[in-house]
Amino acid sequence: MTELAENPLVKGLERLPVHPTTLVIFGATGDLAKRKLLPALYNLAHEGSLPERFHLIGVSRREKGHEDFAREAEEAIRAFSRREPDEKVLEELLKEVKYVPGTFDDTKLYGRLKEELSAFDEAAGQPLNRAFYLSTAPEFFPVIIESLGNAGLTRDERAEVRVIIEKPFGTTLEEARDLNRRVLSVLDEHQVFRIDHYLGKETVQNMLAFRFANSMFEPLFNRNYVDNVQITAAEDIGIGSRAGYYDNAGALRDLVQNHMLQLLTLLCMEPPVDFSADEVRSEKVKVLRAIPPPGPDAVFRAQYGPGAVGGEEVPGYLQEENVPPDSTTETYAALRLHVENWRWAGVPVYLRTGKRLARKVTEIAITMKPVPHHAFGEEGSIGVRPNQLILTIQPNEGVALSLGAKIPGNRMRIRPVNMEFLYGTTFMSQSPEAYERLIMDAMRGDATLFTRNDEVEAQWRIIDPIVQMWAQDKTPLPQYEAGSQGPEEANNLLLGDDRWRAI
Ligand code: BG6
């Protein structure tokens, strides 16, 4: 009996059928390809999940030969794979790798690419599916797609052609709309896979399992029982060597517009009729459409100052290399949102994210309404707290429920206790990396875990007014100490007795 049959709960080991495919990575020598995409491909190969016939072509500006690229890919996999590479699997994966150099607006590049793709098709004796992965600077997304279209590479009567687009998908609503227009003038929506890597995380998908595979929580998930929701995406890292990108983006665009709004929609959406891409995404879009852009008193931004993280002195944002000393880019953002629909009206949904906070943690805390009456007398009632359900996305992935329990002894004294499910101890397996799942799904043509065109625009509709408002105001931002819980002023967003959870 196979391991899978013995333990049907172990995720990540299924081998789903995938049509023979050639994957082309644009930006193949970039950071994302090295750290995430190539290691993800290796791990898929290791598990036998790649299609039986699978080819890889790297495209990038720098001149180099096929072997040089293969060697660099090997180094990247050795450095960043979650598994120690098996020599045979590695060799098999990289033995026929091709590399096509060129600038992305040069038509000759696409001619050469076509030759390589055709050579693989001929060797296979059939047209292979094609997946183009755009892991480049965003200004090249439309250029590459239009050039692929002009070169006749985006349609094939006998094979599927798909395009995977990295983030950011625009930096304003207008840009996102324009990008959608240009992308969809060449491709059909079902060919387009817009990445939000949070959707590839096991624990993010578990939010749907948790909500819709259990009957005991869903009846409580509404304005009658939920007091408030708090979504935190805290990081201890700074901006590293990404100043060029980050100083133009900021925390709001880098994490809130995409990852955090995705968490919010999965938490607040209605049960879909089924888990097909369009049913799920249509429900998510409805949530986004119910959220009015927050006003000035419902948003807050700040920047990290110098401090200590993990016992090490670190510079403030304005002292980071390549950050202008008068930058007003936020490294911390907090928002108070409302989902104005039947289920959620009146429930504040707080979001906060920041770099250089005390630790890395992504979690969703749902605080229930307090009990209507304290029956335990003054002393006993002190420990009666509203129940909280915590979905921890990372690290220590799991779900915890806080309940009130009696402290052993002669008196009726109550305090909160925890009921906990931990992914690691329950499933005893290492979860696949988000990119493994997403690359597989894109090659299989399943867009459930990718952002649809109207969805990305609905996200920007909420965020764009804040971007515009902040762009007007060039006064220096409030600072918070690196390694801390974040700026105190973020408390002003909270209504009534609501409190931020400790990071
Ligand atoms: C990326 C952001 O999308 O997400 C980064 O650009 C951020 O700034 C990262 O650090 C966080 O992802 P994860 O998977 O580490 O939570």
Side-chain angles (χ1 to χ4, degrees), residues 27 30-37 39-40 43 80 82 133-138 141 164-171 176 193-207 231-264 266 301 303-304 309-310 314 317 320 322-323 327 329-333 351-364 391-398 423 430-439 449-451 456 459-460 463 467 482 486 503:
D31 210 45
L32 183 75
K34 285 188 176 153
R35 284 174 184 274
K36 299 287 181 189
L37 307 184
N43 282 290
F80 298 111
R82 68 184 166 92
Y133 198 122
L134 312 194
S135 170
T136 63
F141 297 161
I164 304 151
I165 306 178
E166 258 302 328
K167 57 162 269 202
F169 199 88
T171 64
F193 295 77
R194 297 172 194 78
I195 288 263
D196 184 313
H197 81 278
Y198 269 48
L199 293 176
K201 291 182 191 272
E202 284 288 339
T203 39
V204 172
Q205 292 157 41
N206 187 49
M207 289 170 67
I231 305 180
T232 300
E235 296 186 281
D236 52 356
I237 54 170
I239 54 153
S241 53
R242 298 166 78 214
Y245 156 74
Y246 196 88
D247 198 59
N248 285 315
L252 186 68
R253 288 194 262 220
D254 188 43
L255 249 124
V256 180
Q257 183 273 338
N258 38 45
H259 310 325
M260 296 194 83
L261 286 184
Q262 284 295 334
L263 297 179
L264 188 162
L266 293 175
R301 60 177 168 159
Q303 255 172 7
Y304 61 83
V309 175
V314 296
Y317 181 68
E320 297 275 16
N322 297 327
V323 170
S327 169
T329 299
E330 77 287 355
T331 63
Y332 178 101
L351 311 186
R352 67 175 161 166
T353 183
K355 300 259 184 223
R356 286 281 190 236
L357 292 169
R359 68 180 180 112
K360 165 112 182 159
V361 59
T362 309
E363 64 166 35
I364 296 155
L391 308 176
T392 309
I393 306 296
Q394 57 191 11
N396 308 328
E397 293 85 351
Y423 246 80
Q430 191 188 32
S431 289
E433 283 266 334
Y435 279 98
E436 295 171 34
R437 173 68 192 260
L438 296 177
I439 291 173
L449 300 178
F450 295 83
T451 321
V456 82
Q459 291 174 327
W460 276 118
I463 298 301
V467 169
I503 288 170

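Read the numbers this way: they start at 1 and go in the same order the structure lists the ligands and their atoms. Basis for what follows: all heavy atoms, side chains included, without hydrogens, waters or symmetry-related copies.
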For Gln394, the atoms of ligand 1 under 4.0 Å from one of its heavy atoms are 13 (P), 16 (O)

Using a 4.0 Å cut-off to any heavy atom of Lys355, which atoms of ligand 1 qualify? 5 (C), 7 (C), 8 (O), 10 (O)

Is the closest basic N to carboxylate O distance between Arg82 and Glu436 below 4.0 Å? yes

Enumerate the atoms of ligand 1 whose separation from the nearest heavy atom of Lys167 is less than 4.0 angstrom. 1 (C), 2 (C), 3 (O), 6 (O)

Exam field: side chain Ser327 to backbone Thr329, donor-acceptor pair closer than 3.5 Å: yes

Nearest heavy-atom approach of Tyr246 to Tyr317 is CD2-OH, 3.9 Å

How far is atom 16 (O) of ligand 1 from its nearest protein heavy atom, and which residue and atom name does that atom have? Tyr198 OH, 2.5 Å

Would you say Glu330's side chain and Leu252's backbone share a donor-acceptor pair under 3.5 angstrom? yes

Just by distance, do the side chain of Thr362 and the backbone of Ile393 share a donor-acceptor pair under 3.5 Å? no

Here the gap from Leu449 atom CG to Phe193 atom CZ, rounded to the nearest 0.5 Å, amounts to 10.5 Å

Give a yes or no answer on whether the side chain of Lys355 reaches the backbone of Ala251 with a donor-acceptor pair at less than 3.5 Å. no

Minimum-distance protein heavy atom relative to atom 14 (O) of ligand 1: Lys201 NZ, 2.6 Å

Tell me, please: is Thr362 in heavy-atom contact with ligand 1, that is, under 4.0 Å? no

Does ligand 1 have an atom under 4.0 Å from some heavy atom of Tyr246? no

Name the closest protein heavy atom to atom 6 (O) of ligand 1, giving the residue it belongs to and the distance to 0.1 Å. Asp254 OD1, 2.6 Å

Atom 11 (C) of ligand 1 [closest protein heavy-atom partner, distance rounded to 0.1 Å]: Glu235 OE2, 3.6 Å

Atom indices of ligand 1, in the order listed, that fall short of 4.0 Å to a heavy atom of His259: 1 (C), 3 (O), 4 (O)

Atoms in ligand 1 flagged as close to Lys360, the criterion being non-hydrogen separation under 4.0 Å: 13 (P), 15 (O), 16 (O)

Taking atom 12 (O) of ligand 1 as the reference point, the nearest protein heavy atom with its distance: His197 NE2, 3.2 Å

Looking at Lys167, Gln262, His259, which hits side-chain hydrogen bond (donor to acceptor under 3.5 Å, both in side chains) with Asp196? His259

